[in-house]
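Please read these numbers as outputs of a predicted model, since none were measured by experiment.
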Amino acid sequence: MGDKKVWLVTGASRGLGVDIAKAALAAGHAVVATGRSTEKVSSAMGEHDALLAVKLDVTDPADAEAAVVAAVDRFGRIDVLVNNAGNFNAGFFEELSPEEFRAQIETTFFGPVNVTRAALPVMRAQRSGQLVTISSTAGIEGGMFLTAYAASKFAVEGWMESLAVEVAPFGIRTMLVEPGFFRTELLTPESTKYAASSIEDYADRTEQTVTAWKSMNGQQSGDPAKLADALIQLAAQDEPPLRFPGGADAVTTFENRAKLLQAQAEANRELSSNLDHDDA
């Protein structure tokens with residue numbers, strides 16, 4: 001294959017997934033672009049000799065297995081898996097139903113788990129591959145209205161960081177990508193569901209937050225096409241970073257979290273450091 005690689009991109013019917021798939025094609029790679037509707041994927045991506053559109057609902061393990069089989073049947077291998085598909089169930093924890101909370105985890109945590117589980121045997125047999133998982137700054141720092149979403153992204157962070165050590169001996173590398181605010185379609189009605197306001201104590205903040213987030217849609221500073229190009233560059237490296245902050249706001253989030261953890265370590269250093277058994 002030389003420098004040409006086979007990319008499998010989830011959530012490639014709209015938003016960042018389309019930009020990543022198009023950037024990979026433009027760089028001369030082969031792309032398996034997936035989504036819940038192959039018609040929508042094909043419409044978003046157009047036609048290309050090195051493109052294969054495949055149906056994939058990431059919450060369905062059977063779909064994940066079938067997509068991997070289709071990729072290998074067409075191109076013979078999978079070099080880069082981009083776990084990108086996602087949605088956003090926003091709201092205060094008490095107002096998110098158990099079903100809404102679980103649905104978030106199913107898509108943005110177990111979705112990548114399902115697809116990675118299907119692809120790993122192929123990469124392990126190749127003794128090479130890259131697992132790129134789109135996380136979020138919400139996987140570094142939680143916040144109001146983000147309880148379900150941040151929970152799924154924190155889970156992604158811990159899972160992928162641990163998996164990195166397990167698969168490194170097989171020549172498989174991992175990269176977590178934590179974008180800040182990019183002008184994708186995440187905040188559109190198709191991707192974002194707001195919990196119904198049901199508790200008076202939260203009513204004012206719910207109204208203010210929903211209004212602010214809706215007004216932000218289409219105004220985010222980040223350019224998803226530039227992020228996609230950056231990922232193509234990073235994936236070409238022999239040792240891609242374990243984490244990549246996407247955007248200047250993401251860099252600030254990383255820096256603030258590092259400072260906060262350091263401050264918390266120092267705040268009770270003596271008490272924390274004297275908890276061993278006396279006979280230790």
Do [X] and [Y] get their side chains close enough for a donor-acceptor pair, meaning under 3.5 Å?
X	Y	answer
T116	N83	yes
E95	Y202	no
T253	T137	no

If hydrophobic clusters are built from ILVMFWY residues whose side chains come within less than 4.5 Å, do [X] and [Y] share one?
X	Y	answer
L231	F254	no
L120	F110	yes
V113	V68	yes
L146	I199	yes
F154	F145	no

Under the 3.5 angstrom rule, does the side chain of [X] hit a backbone N or O of [Y] as a donor-acceptor pair?
X	Y	answer
T34	K55	no
D63	V58	no
H48	A50	yes
S13	G35	no
T59	G111	no

Inset, instruction - Check the pair L242, R173 against side-chain contact (heavy atoms from CB on, under 4.5 Å), reporting the backbone distance first and the verdict last. - result: CA-CA 8 Å; L242 294 177; R173 301 292 179 259; over 6 Å; no
Pair [X] + [Y]: basic N to acidic O under 4.0 Å:
X	Y	answer
D79	R77	yes
R102	E99	no
E65	R117	no
K153	E178	no

Mind checking the [atom1]-[atom2] spacing from [X] to [Y]? Nearest 0.5 Å is all I need.
X	Y	atom1	atom2	value
Q104	E106	CD	CD	11.0 Å
F109	S135	CZ	OG	11.0 Å
K5	I232	NZ	CD1	9.5 Å
E157	S162	CD	OG	11.0 Å
I20	L16	CD1	CG	3.5 Å
R243	E161	CZ	CD	4.5 Å

Any [X] side-chain heavy atom under 4.5 Å of [Y] side chain:
X	Y	result
V177	V132	yes
T174	V167	yes
M175	Q130	no
L176	F244	no

Please determine whether the number of non-hydrogen atoms from other residues, nucleotides or ligands lying under 6.0 Å from atom [atom1] of [X] exceeds 12.
X	atom1	result
Q237	CD	yes
K40	NZ	no
E200	CD	no

Legend entry - V72, L52, V54, I78 screened by side chain to side chain contact (heavy atoms under 4.5 Å, CB included) with L8, the one that passes: I78
Inset, instruction - Compare every heavy atom of L96 with every heavy atom of N89, then report the nearest pair and how far apart it is. - result: O-CD2, 4.2 Å
